Amino acid sequence: MSQPSAAPRVHTGVCNLCEAICGLRFDVTGEGPAARITAVRGNPDDPLSRGHICPKAVALKDLHEDPDRLRQPVRRVVGPDGTPRFEPISWDQAFDLVVEGLVRVREQHGANAVAVYQGNPNVHNWGNITHGHLFFSQLRTRARFSATSADQLPHHVVAHWLYGHQLAIPIPDIDRTQYMLVLGANPLASNGSLMTVPDVRARFKALRERGGKLVVLDPRRTETAAIADEHHAIDPGTDAAWLLAVLHTLFDEDLIRPGHLQGLLDQVDAVREAVHPFSPEATAAHTGIDAATTRRLARELTAADGGVAYGRMGVSTQAHGVVCQWAIQAINLLTGNVDREGGALLTSPALNLIDMKLMGPGHLGAWRSRVRGAPEFSGELPVSVLAEEIRTPGRGQVRALVTAAGNPVLSTPNGGQLDGALAGLDFMVAIDFYVNETTRHAHVILPPTCFVEHDHYDLVFLHLAVRNVARYSAAVVEPAPGALHDWQIYAELARRYAQRAWALERGGLRQRLTGLLTRGVVGRLSPRRLLAIGLRRAGGQVKLAQLEAQPDGIDLGPLKPSLVSRLQRRQRRIRLLPEAIRRELPTLITELTTPAAASLQGPDGLPALKLIGRRDVRSNNSWMHNSARLVSGKPRCTLWVHPDDAARRGLHDGQTVTVGSRTGRVQVPVHITPDIRAGVVSLPHGWGHDRPGVALQVARAHAGASINDLTDDRLTDRISANAAFSAVPVWIEAA
Ligand SMILES: Nc1nc2c(c(=O)[nH]1)N[C@H]1C(S)=C(S)[C@@H](COP(=O)(O)OP(=O)(O)OC[C@H]3O[C@@H](n4cnc5c(=O)[nH]c(N)nc54)[C@H](O)[C@@H]3O)O[C@H]1N2
Ligand SMILES: Nc1nc2c(c(=O)[nH]1)N[C@H]1C(S)=C(S)[C@@H](COP(=O)(O)OP(=O)(O)OC[C@H]3O[C@@H](n4cnc5c(=O)[nH]c(N)nc54)[C@H](O)[C@@H]3O)O[C@H]1N2
Ligand code: SF4
Ligand SMILES: [Mo]
């Protein structure tokens, strides 16, 4: 038994739950694996987050202590009464079962019959990045999927086209900008995305105090809209038209001012021609935003001494997500706001995955999916096609799946269909610490340690932060004896898979030996050792020893212009009108200049409503609802309905309704509010925990329903096939 110690030790650490990556201080009592976290606070000395914290950080402690969290591998067995359950097995047995299961499917059906889905925490947990590839690359499968195609894929496609690298995404210089135009993002709830921006409320406040302006376009009056100077409730799914109208205005009113980028931009005249049909007047009926407002906002952005347009989820996950993200970059480029203070800049992290060529520049459409012909991006197919790839017989049909830190049943479009498809797989393994809506289908679950049990250096989000910082955090508490981190699971899987699958490998002896060597060497090095090597290779500006001596983090200063010298393209120029956009725009003229009528009619004969999502500061996608403190209070999985729409259907506040779409039906309570645009309804994602076999006691008691039982795998972005979650046609009726 550990002695109760007088005063808790204070650990400096970090929260990895969302992109804000806040610095934290943990109070810890007790020793070794028995140590307990007794308090979690923001770290006022963190150069990026400056003491900010949100309610989810304390839930890191709940996750650590959660009795439902798996601490040992399990395999699914069917009891005598026919009900499946999970029984604990040893790591040794688990690894053998996994390798055997995957190799068997590959031998029988080919490499592409084994699919991989990597969820969002893969980018939040560095061990997955440093070691995951050792295993996944050996599977040699084209059936790779991730949460990217239910999220930010359009950003990568556009960054790849314009700036020559999928991760070269200019970040809004929020601390110095004088004008910020926010579309389809609600950083006050999400804490920012593709803009690592802890304490965004204070930063917006400072923006307004220095005379700057914040404008929000969102079908809902969000928390962010509520503190903005202006909010315009755009009709969902129509942003492409609005952004093209802004571009049109820049040309029409002679507002093009590329400034220092002048000599770098090609095809400016081609863009002028391409956007000509989309005037604010022609598109107003489609977007619901009057032409005078659009023209005024375009002028204001141009006139600002440092301004930036920024668009996130709401404009990425819609039918024209790539056009939206392209138009946002084009607006920022043509107003001279890319690569300048107060505009949008590339970051300079101490370990730069782009400049060090640790991550490829990206490619689009090198191959296509078997059933629908959707394009790959950088080696991944869009997750909207995963269920059909499992369900459609024929050569290359997916028969086995590895999910890693992902919950696609709740997070991908038409998740209900995927739920059914997973049940039919020959073999499934999940690397996850919960038996949730997805992993309950696995034959084996390999549970890694949770976040406070391992160290961390943010390999991804330091590339996206509004200030350059470097920060390494040691583990807060020791893991239980025998527990494995994600990276150790991958290293071991890679080693055993290589032995077992050696006979299946193609390629010359030399290539195979290189693979063997990489796995042998990297597999034995911890992420920390790899970080030390990486920082040395980066030039040694920051050393691991320094980072360890300064756990608050090292401030490397504000973002600096660097694009011109870093443009990855050989021609070192920006071709403003990528071929896919040039081909796409003429096909959109009719659609984007007529009212965006919904296509479906409900059983009530009324035109369909347009469904959009919603984030709440106390949720984190689908997987933190097992923390009692985060789900307490009034139910949050409610359908927001405008009073006019409620009146037409005779609905009253709090009543349970059935919501239906092409793909499914759910029952949820309604919340009637003028804060949503008429004709639009909103439901958060990540709920729907009451499925058989889900072993999450708290979450089950606050189950809610899954919006992705309503979203549609057939609704995707035309260019990238990214999921189109916004403006899904739905009907509602009293349950
Ligand atoms: N608390 C919390 N924080 C999170 C997460 C979470 O689940 N909970 N998830 C994290 C993840 S993985 C991500 S990617 C980020 C996302 O970060 P954000 O992009 O800021 O996320 P959302 O809050 O979903 O904001 C999207 C906004 O788009 C609006 N919208 C919907 N459709 C349209 C449309 O057609 N046009 C326009 N203009 N707006 C539209 C919605 O009303 C919503 O306000 O958040 C991260 N942070
Ligand atoms: N309708 C609609 N759908 C959406 C969205 C939306 O706004 N609307 N948002 C989309 C977005 S932005 C995203 S990013 C996706 C997220 O989609 P997913 O990544 O598929 O789902 P998550 O809910 O993040 O599930 C994360 C899983 O990882 C596990 N996990 C957590 N930490 C670790 C770890 O360190 N190691 C391992 N091995 N496992 C871990 C959790 O237990 C959980 O099972 O959802 C998308 N789906
Ligand atoms: S905003 Fe909240 S969830 Fe996000 S990193 Fe900070 S404390 Fe964690
Ligand atoms: Mo995301």
Side-chain angles (χ1 to χ4, degrees), residues 13-24 40-43 46 48-49 51-60 119-121 123-124 146-153 155 181-201 216-225 231-240 242-243 287-289 310-321 324 411 451 458 461 596 610-625 630 636 640 675-677 680 682-686 724-728:
V14 57
C15 177
N16 74 324
L17 290 175
C18 87
E19 298 180 35
I21 56 172
C22 297
L24 300 178
V40 183
R41 295 181 301 277
N43 177 2
D46 186 286
L48 184 63
S49 64
H52 183 255
I53 188 171
C54 88
K56 291 187 294 301
V58 187
L60 288 173
N120 168 275
V123 280
H124 291 270
S146 81
T148 291
S149 51
D151 188 350
Q152 80 286 5
L153 177 55
H155 293 258
L181 182 59
V182 174
L183 294 100
N186 183 17
L188 256 71
S190 69
N191 287 295
S193 181
L194 299 186
M195 173 172 70
T196 281
V197 59
D199 205 7
V200 67
R201 182 189 290 273
V216 172
L217 270 78
D218 198 303
R220 181 166 75 89
R221 186 171 183 274
T222 61
E223 294 83 347
T224 309
H231 167 226
H232 301 281
I234 190 169
D235 203 14
T238 69
D239 301 77
W242 190 77
L243 291 159
T287 60
I289 299 192
Y310 162 76
R312 252 319 267 133
M313 272 300 282
V315 288
S316 293
T317 51
Q318 57 165 278
H320 305 299
C324 287
S411 54
F451 191 68
D458 219 297
F461 297 107
K610 296 175 190 171
L611 178 67
I612 62 169
R614 192 165 81 237
R615 279 178 163 75
D616 182 282
V617 76
R618 287 188 298 155
S619 279
N620 189 40
N621 295 325
S622 75
W623 68 279
M624 289 296 287
H625 293 148
L630 291 185
R636 296 205 303 274
W640 284 28
D675 286 344
I676 185 109
R677 184 185 159 92
V680 181
S682 160
L683 193 64
H685 77 287
F725 290 129
S726 287
V728 174

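Values below: all heavy atoms of this structure, side chains included; hydrogens, waters and symmetry mates excluded. As the structure lists them, so they are numbered: ligands from 1, and atoms in each ligand from 1. This is a predicted model, so every value here is computed, not measured. Just so you know, residue 1 is the first one in the sequence shown, and it goes up from there.
Of the candidates His685, Arg615, Met313, the one placing a heavy atom closest to atom 11 (C) of ligand 1 is Arg615. For the residues Leu194, Val728, Asp218, the heavy atom positioned nearest atom 42 (O) of ligand 1 is part of Asp218.
Across Thr196 and Ala20, no two heavy atoms sit closer than the pair CG2-O, 3.9 Å. Residues Ile234 and Thr287 come closest through the heavy atom pair CG1-O, 3.6 Å. Between Val40 and Ala57 the shortest heavy-atom distance is CG1-O, 3.9 Å. Annotation for Met313 and Ala150: closest pair CE-O, 3.9 Å, computed over non-hydrogen atoms.
Taking distance alone, with nitrogen or oxygen atoms compared against 3.5 Å, Arg312 stays at or beyond that limit from ligand 1. Of the polar atoms of Thr222, none of the N or O atoms is found under 3.5 Å from an N or O of ligand 1, judged by distance alone. For ligand 1, one of its N or O atoms has an N or O atom of Asn621 under 3.5 Å away. Polar contact with ligand 1: absent for Cys18 (N/O pair, distance under 3.5 Å). Taking any N or O of Arg220, backbone or side chain, none lies under 3.5 Å from an N or O belonging to ligand 1. Considering backbone and side-chain atoms alike, Asp235 places every N or O at 3.5 Å or more from each N or O of ligand 1. Residue contacts with ligand 1: Ser619 is placed with a nitrogen or oxygen under 3.5 Å of a nitrogen or oxygen of the ligand (distance criterion only).
Annotation: atom 26 (C) of ligand 1 to nearest protein heavy atom, Gly184 O, 3.3 Å. In terms of protein heavy-atom proximity, atom 25 (O) of ligand 1 is nearest to Asn186 N, 3.4 Å. Protein heavy atom closest to atom 35 (O) of ligand 1, with residue, atom name and distance, is Gly237 N, 2.7 Å. For atom 18 (P) of ligand 1, the closest non-hydrogen atom of the protein is Ser190 OG, 3.5 Å. With hydrogens left out, the protein atom closest to atom 40 (C) of ligand 1 is Pro219 CD, 3.4 Å, a heavy atom.
Counting heavy atoms from C-beta on, the side chains of Val617 and Leu188 never come closer than 4.5 Å. Inter-residue side-chain proximity for Leu630 and Pro55 is flagged as met; some heavy-atom pair is nearer than 4.5 Å. At least one side-chain heavy atom of Asn191 sits less than 4.5 Å from a side-chain heavy atom of Cys54. Side-chain atoms of Thr224 and Pro187, non-hydrogen and from C-beta on, do get closer than 4.5 Å to each other. Side-chain contact check for Pro198 versus Leu48: some heavy-atom pair is nearer than 4.5 Å. Side chains of Phe461 and Val123 form a contact here, defined as non-hydrogen atoms less than 4.5 Å apart. Residues Arg615 and Asn186 fail the side-chain proximity criterion, which asks for heavy atoms closer than 4.5 Å.
Close approach to Pro236 involves these atoms of ligand 1, each under 4.0 Å from a residue heavy atom: 34 (C), 35 (O). In summary, the atoms of ligand 1 found under 4.0 Å from a heavy atom of Asp239, numbered by their order in the structure, are 34 (C), 35 (O), 36 (N), 37 (C), 38 (N). Less than 4.0 angstrom separates some heavy atom of Ser726 from each of these atoms of ligand 1: 31 (C), 32 (N), 33 (C), 35 (O). Atoms of ligand 1 found under 4.0 Å from any heavy atom of Gly314, numbered from 1 in the order shown, are 26 (C), 28 (O), 30 (N), 31 (C), 32 (N), 33 (C), 34 (C), 35 (O), 36 (N), 40 (C). Near Val617, with a cut-off below 4.0 Å to any heavy atom, the atoms of ligand 1 are 1 (N). For ligand 1, the atoms lying closer than 4.0 Å to a non-hydrogen atom of Asp151 are 14 (S). Using a 4.0 Å cut-off to heavy atoms of Asn120, the atoms of ligand 1 that qualify are 12 (S). Short contacts between ligand 1 and Asp616, defined as distances under 4.0 Å to a heavy atom of the residue, involve ligand atoms 1 (N), 2 (C), 8 (N).
Distances shorter than 4.0 angstrom occur between a heavy atom of Ala189 and an atom of ligand 1. The closest approach between Asn191 and ligand 1 stays at or above 4.0 Å for every heavy atom of the residue. At a 4.0 Å cut-off, at least one heavy atom of Lys56 sits close enough to ligand 1 to count as contact.
Under the 3.5 Å distance criterion, with hydrogens and angles disregarded, no donor-acceptor pair is assigned to the side chains of His685 and Ser411.
The salt bridge (charged side-chain N to carboxylate O under 4.0 Å, His left out) check on Asp151 picks up Arg312, with sequence neighbours excluded.
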Next item on the list: Any chance you could lay out the side chain to side chain contact (heavy atoms under 4.5 Å, CB included) test for His124 and Leu17, step after step, and finish with the verdict?
Entry: CA-CA 7 Å; His124 291 270; Leu17 290 175; over 6 Å; no
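At a heavy-atom distance under 4.0 Å, only backbone atoms of Ile21 (N, CA, C or O) approach ligand 3.
Of the listed residues (Gln152, His155, Glu19), just one forms a side-chain hydrogen bond (donor to acceptor under 3.5 Å, both in side chains) with Ser193, and that residue is Glu19. Residue Leu217 is tested with Val315, Ile289, Val182 for a side-chain contact (heavy atoms from CB on, under 4.5 Å); the sole match is Ile289.
Excluding water, every protein N/O/S atom under 2.8 Å from atom 2 (Fe) of ligand 3 is given here by residue and atom: Cys54 SG.
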